[in-house]
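Structure first, then comments.
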Protein chains: 2
Amino acid sequence: MTDTKQTKIQLKNRQRIMDAALEIFSTYGYRGSTIEQVAQAAEMSKSSVFYYFGSKTEIYVALLTKTIDGWLEPLKQLDENGDPSKEIWAYVERKLEMSRNNPKASRLFANEILHGAPNIMNILKGDLKPLLDEKCLVLKKWIEQGKLVNVSPHHLIFMIWAATQHYADFEVQVDALIEGCADRDACFNEAEATLRTIFLNGLLPR
Amino acid sequence: MTDTKQTKIQLKNRQRIMDAALEIFSTYGYRGSTIEQVAQAAEMSKSSVFYYFGSKTEIYVALLTKTIDGWLEPLKQLDENGDPSKEIWAYVERKLEMSRNNPKASRLFANEILHGAPNIMNILKGDLKPLLDEKCLVLKKWIEQGKLVNVSPHHLIFMIWAATQHYADFEVQVDALIEGCADRDACFNEAEATLRTIFLNGLLPR
DNA sequence: CAATACATTGACCAATTGGTCCAGTTTTTT
DNA sequence: AAAAAACTGGACCAATTGGTCAATGTATTG
């Protein structure tokens with residue numbers, strides 16, 4: 001897809017559009033966003049946007065597929081030869097870090113899934129599922145070795161996804177309901193401490 | 001608001017519209033839904049929909065506010081005089097049950113929050129926050145009495161919300177990634193067992 | 001410098017859609 | 001049964017919006 005050579009301007013402007021589109025699509029959803037908004041955020045005319053991308057859908061799908069690799073990465077790093085507790089906690093930390101550093105991407109995905117994942121169902125079943133199944137086998141092994149309590153590996157992973165992505169997807173709710181935390185960092189630190197306590201204590205056999 | 005007397009037909013048709021609107025709005029989001037779709041789902045003409053509701057927004061807001069009470073209910077039931085573990089687990093169960101029985105309502109809220117909660121921010125801050133703060137004081141008391149591990153009460157609640165609502169909001173992802181479960185009930189039962197193990201084990205001091 | 005490819009945008013088009021209006025129908029009331 | 005009220009939906013309107021196109025501007029290259 002990205003094989004044809006591109007000028008500096010093309011590269012720069014396509015990037016500008018993608019950045020703007022992430023901002024807009026993650027905030028208003030696909031149907032709720034207009035190309036005019038994206039164009040304004042990218043500081044160019046609507047026509048220019050269509051010069052670089054063929055359609056609204058093309059931009060949206062490009063965004064989704066571009067960020068999905070980064071989405072799979074944290075799980076890939078789960079090492080079956082490492083210490084179970086350390087590995088799982090490291091995974092939770094990576095996921096939480098993603099919610100902290102790139103909440104827009106998280107919301108973009110959440111939106112897509114919420115609406116039935118019409119554009120990324122093939123990626124879910126084609127890339128994510130095999131990876132997930134593979135890592136769940138590792139968890140299963142750890143459980144059988146008595147290193148973790150006996151839970152469903154798949155649902156444990158779901159729980160980690162849910163608990164970490166919550167801070168990106170429901171950010172405005174979290175912000176509205178918490179006032180004690182001095183700032184965003186303090187809030188994330190408290191979240192991290194709570195997740196660490198519950199996951200590590202919860203997964204360690206007694 | 002609902003003080004003026006209504007005929008049987010009004011009551012029935014308004015309900016038909018609300019049901020249809022929940023179906024449509026929860027699937028496609030506010031901007032992604034059209035009144036025509038709602039009308040079709042309610043088996044009446046678009047004009048008739050506008051006869052019963054003044055605008056698209058009015059239907060949407062009516063839906064949100066109508067279901068929000070049911071949303072607060074489970075947390076209200078958390079009893080400070082009960083056994084901490086039992087109370088928290090009962091709360092998790094109630095929340096999970098809501099995801100199972102009314103996933104559309106969950107997705108409707110998720111959508112609204114994801115887009116910045118423009119229509120329910122006042123409810124979040126006005127009704128939910130005081131209730132949440134109150135119950136967090138109860139959790140704090142339990143922690144100080146050494147009945148629970150030391151975590152941030154607010155973040156514990158967030159974790160419960162995230163882990164339970166995930167099964168409604170990300171239903172299509174869960175369905176796409178799990179094949180082992182025979183049916184929907186079996187999946188929820190496995191989820192429940194996993195949540196029980198981690199939360200109860202995780203919250204109990206050693 | 002001239003020719004050519006690349007880049008930019010305002011004007012325009014057609015489809016969609018929230019919402020109105022009114023003429024006709026059904027239900028309720030007297 | 002007649003009058004009044006409630007209900008229904010087809011036709012229509014105006015605003016929005018995804019997308020096109022031709023005209024103009026700007027690099028790049030021989």
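Protein chains get the first letters and strands the later ones, always in sequence-line order, with residue 1 at the start of each. Atom set for the values below is all heavy atoms of this structure, side chains included, hydrogens, waters and symmetry mates excluded.
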Listing, residues 46-55 of chain A side-chain donor-acceptor contacts under 3.5 Å, not counting sequence neighbours, or none:
unit_1	atom_1	unit_2	atom_2	d
A:Ser48	OG	A:Ser45	OG	3.3
A:Tyr52	OH	A:Asn13	ND2	3.0
A:Ser55	OG	A:Glu58	N	3.2

Quick one: B:Lys8 NZ to C:dT26 C1', roughly how many Å, whole number? 17 Å
Rounding to a whole Å, what distance do you find between B:Ile9:CD1 and C:dT29:P? 11 Å
Under a 4.0 Å heavy-atom cutoff, the residues of residues 53-61 of chain A touching DNA chain C are none
Close approaches to DNA chain C from residues 16-43 of chain A, in residue order (heavy atom, under 4.0 Å): A:Arg31
For the helix from C:dC1-D:dG30 to C:dT30-D:dA1, what angle lies between the axis at the first five pairs and the axis at the last five pairs, to 10 degrees? 10°
Restricting to pairs with a member in residues 74-133 of chain A, which pass ring pair (Phe, Tyr, Trp, His ring centres under 6.0 Å), not counting sequence neighbours? A:Trp71-A:Phe109
With B:Arg100, which residues qualify under side chain to side chain donor-acceptor pair (under 3.5 Å), at least two apart? B:Asp185
What residues form a side chain to side chain donor-acceptor pair (under 3.5 Å) with A:Asn102, not counting sequence neighbours? none
If we ignore hydrogens and angles and just use 3.5 Å, is the side chain of A:Glu112 paired with the main-chain N or O of A:Asn119 as donor and acceptor? yes
Taking A:Lys56 for its side chain and A:Ser33 for its backbone only, find out whether a donor-acceptor pair lies under 3.5 Å. yes
Give me each pair satisfying salt bridge (Lys or Arg N to Asp or Glu O under 4.0 Å) with a member in residues 118-134 of chain A, each pair once, sequence neighbours excluded. A:Lys129-A:Asp133, A:Lys129-B:Glu179
If the condition is ring pair (Phe, Tyr, Trp, His ring centres under 6.0 Å), which residues does B:Tyr30 pass it with, not counting sequence neighbours? B:Phe25, B:Tyr60
Across all chains, not counting sequence neighbours, the ring pair (Phe, Tyr, Trp, His ring centres under 6.0 Å) partners of B:His155 are A:Tyr167, B:Phe158
Tell me whether the OP1 or OP2 atom of [N] has a side-chain N or O from [X] closer than 4.0 Å.
X       : N     : result
A:Gln10 : C:dA7 : yes
A:Tyr51 : C:dT8 : no
A:Ser47 : C:dT9 : no

Under a 4.0 Å heavy-atom criterion, DNA chain D is touched by chain A from D:dT17 to D:dC21
Under the salt bridge (Lys or Arg N to Asp or Glu O under 4.0 Å) criterion, do B:Lys135 and B:Glu87 qualify, and how do the steps go? CA-CA 11 Å; B:Lys135 296 303 182 181; B:Glu87 284 299 316; over 6 Å; no
Provide the full list of side chain to side chain donor-acceptor pair (under 3.5 Å) pairs with a residue in residues 17-27 of chain A, sequence neighbours left out, each pair given once. A:Gln15-A:Asp19, A:Glu23-A:Lys104
Give a yes or no on whether B:Lys76 atom NZ has more than 12 heavy-atom contacts from other residues, nucleotides or ligands under 6.0 Å away. yes
Correct closest heavy-atom pair for B:Ala168 and B:Ser99 would be CB-OG, 3.7 Å
